[in-house]
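First listed ligand is number 1; within each ligand, the first listed atom is number 1. Computed over heavy atoms, backbone and side chain alike; hydrogens, waters and symmetry mates excluded.
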Amino acid sequence: MRTPSTVVVTGGAGFIGSHTCVELLEHGYELIVVDDYSNSSPRVFSRIQRTAGRPVHAVHWVDIRDRHALSRVFDRHSVDAVVHFAAKKAVGESTRNPVEYYDTNVGGTTALLQVMQDHGVHDLVFSSSCSIYGDADRMPLRENSPARPTNPYAASKWTCERILSDVCRFRPEFRVLSLRYFNPVGAHPSGLLGEDPRGRPANLMPYLAQVAIGRRESLRVFGDDYPTPDGTGIRDYIHVMDVAAAHRLALDHVHEGTGMRVFNLGAGSGTSVLELVAAFGAACGRPIPYAVEGRRPGDVAALVADSSAVAREWGWQPKYGVAAMCRDALRFQRLNPFGYEDSADPVAVAAGADVQTPE
Ligand code: UFG
């Protein structure tokens with residue numbers, strides 16, 4: 001088996017991207033990161049280096065839709081494979097601005113595919129989402145469960161999967177692994193890396209963390225009238241460290257087989273919003289204040305994974321439970337109350353100097 005050594009990571013400064021960079025660096029990969037920092041900070045790179053013990057080889061400030069700038073990145077480095085994280089990911093925002101979601105998520109993916117094709121790079125690990133299953137009637141969800149996206153974010157990811165499948169069918173030199181994440185949360189156990197969204201968090205876990213440290217007053221629970229035991233939405237939360245480990249395995253195995261292969265990445269157990277609120281309260285030692293509001297447009301009642309395929313294929317099993325997810329998310333938030341941007345950490349401040357200006 002040939003292991004790709006130089007990997008372009010799009011969205012490598014983001015939440016899942018940064019944790020995956022650490023995992024890949026720890027396993028000997030050379031990394032070229034492409035990011036536009038629209039929901040991330042270049043300050044993360046010094047922390048990646050500190051955590052992994054070695055740096056990312058190069059960082060390029062590029063909008064994923066800009067195929068000319070992307071092309072220059074592939075001109076400058078000899079690239080073996082790509083991990084494509086760069087995308088927008090908030091369900092609510094996607095219902096307010098669907099065009100932006102298709103433009104970034106679908107347009108970004110086609111730009112990347114064109115550049116890969118032009119440069120003879122054919123191995124891709126793609127960030128897909130459990131949200132493509134939509135309002136499913138049977139849990140847990142398997143990879144062959146029908147896709148019925150209920151919002152533009154989910155539809156944009158499903159559109160990308162269909163494009164990738166066509167590309168693999170008609171250009172058989174392409175090999176794609178599409179990983180359908182359920183709900184990645186938590187943070188690196190060191191507290192150096194975590195989720196640092198810009199503005200008000202769109203997702204549940206970072207919102208809980210900000211309420212826990214007093215940065216926000218109270219959580220808004222979106223709906224308690226779903227057909228679930230406590231009426232709130234059920235999701236399959238998975239620790240970001242487990243997701244990062246799965247990406248490393250995906251890169252190790254992307255050369256095997258042909259065409260497009262799809263894997264669910266979830267823990268296989270469902271947690272309701274109120275159960276997660278209680279677990280977070282237990283982690284921080286005091287109850288988290290919340291108020292129930294109406295449902296969020298585009299949301300579904302429950303999404304729980306059957307991840308047995310990836311376990312069978314690569315021996316991947318999630319190692320962390322919900323208590324560890326809450327503990328690690330809380331640790332990151334306590335150590336970095338205002339995220340990376342306002343951090344007084346001198347290592348973080350120095351990182352600005354490493355980063356290249358927009359292409
Ligand atoms: N929720 C709240 N209050 C909030 C935010 C969320 O009650 O402030 C509820 C939602 O209604 C849902 C659950 O918490 O029932 C989880 O919502 P998230 O926004 O955290 O996550 P989603 O299930 O919407 O999943 C989306 C994408 C996934 C992605 C995940 C985390 O569909 O692909 O965000 O980024 F993995």
Side-chain angles (χ1 to χ4, degrees), residues 11 14-17 19 39-40 85 87-95 101 105 126-136 141 147-158 160-161 178-187 194-197 199-212 215-228 230-240 242-244 246 264-267 270-280 288-305 322 325-326 329:
F15 173 48
I16 307 174
H19 288 77
N39 194 31
S40 62
F85 292 110
K88 300 182 76 67
K89 62 153 195 177
V91 166
E93 184 185 57
S94 81
T95 64
Y101 270 68
N105 295 3
F126 176 70
S127 287
S128 189
S129 166
C130 64
S131 59
I132 65 161
Y133 296 114
D135 239 336
L141 295 151
R148 294 195 201 108
T150 58
N151 58 71
Y153 162 69
S156 72
K157 287 289 178 183
W158 177 232
C160 289
E161 279 206 11
S178 182
L179 304 182
R180 293 178 180 162
Y181 318 144
F182 280 64
N183 286 58
V185 296
E195 188 162 11
D196 178 28
R200 184 153 82 169
N203 298 116
L204 179 58
M205 190 65 122
Y207 209 108
L208 278 171
Q210 292 193 7
V211 173
R215 189 170 152 188
R216 300 194 185 268
E217 239 172 64
S218 161
L219 174 78
R220 301 170 308 156
V221 173
F222 297 140
D224 65 354
D225 57 351
Y226 284 104
T228 60
D230 66 16
T232 65
I234 289 182
R235 295 292 183 272
D236 184 341
Y237 294 95
I238 176 155
H239 200 293
V240 66
D242 285 323
V243 176
N264 284 341
L265 283 188
T271 305
S272 74
V273 175
L274 291 184
E275 284 170 344
L276 198 66
V277 170
F280 213 95
I288 303 287
Y290 68 87
V292 176
E293 295 192 0
R295 292 183 182 191
R296 186 172 65 175
D299 261 352
V300 297
L303 288 165
V304 179
V322 167
M325 299 177 206
C326 294

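- Atom numbering of ligand 1 starts at 1 in the shown order; those under 4.0 Å from a heavy atom of A202 are 5 (C), 19 (O).
- For ligand 1, none of its N or O atoms has an N or O atom of V273 under 3.5 Å away.
- Contacts with ligand 1 closer than 4.0 Å are made by side-chain heavy atoms of Y237 only, the backbone lying farther away.
- Summarising the geometry of G270 relative to V304, their closest heavy-atom pair is CA-CG2, 3.7 Å, with the distance given to 0.1 Å.
- Within ligand 1, the atoms closer than 4.0 Å to a non-hydrogen atom of S129 are 28 (C), 32 (O), 33 (O), numbered from 1 in the order shown.
- In R220, the part holding a heavy atom less than 4.0 Å from any atom of ligand 1 is the backbone.
- In V91, the part holding a heavy atom less than 4.0 Å from any atom of ligand 1 is the side chain.
- Applying the side chain to side chain donor-acceptor pair (under 3.5 Å) rule to Y101 yields the partners E93; only residues at least two apart in sequence or on another chain are considered.
- Considering both main-chain and side-chain atoms, Y181 never comes within under 3.5 Å of ligand 1 through any nitrogen or oxygen pair.
- Among all heavy-atom pairs drawn from N151 and S94, the shortest one is OD1-OG, 3.8 Å.
- For the ligand labelled ligand 1, residue F182 lies inside the 4.0 Å heavy-atom shell.
- For ligand 1, none of its N or O atoms has an N or O atom of Y207 under 3.5 Å away.
- Close approach of ligand 1 to G233 (heavy-atom distance below 4.0 Å) involves ligand atoms 15 (O).
- Residue contact check: V221 has heavy atoms under 4.0 Å from atoms 7 (O) of ligand 1.
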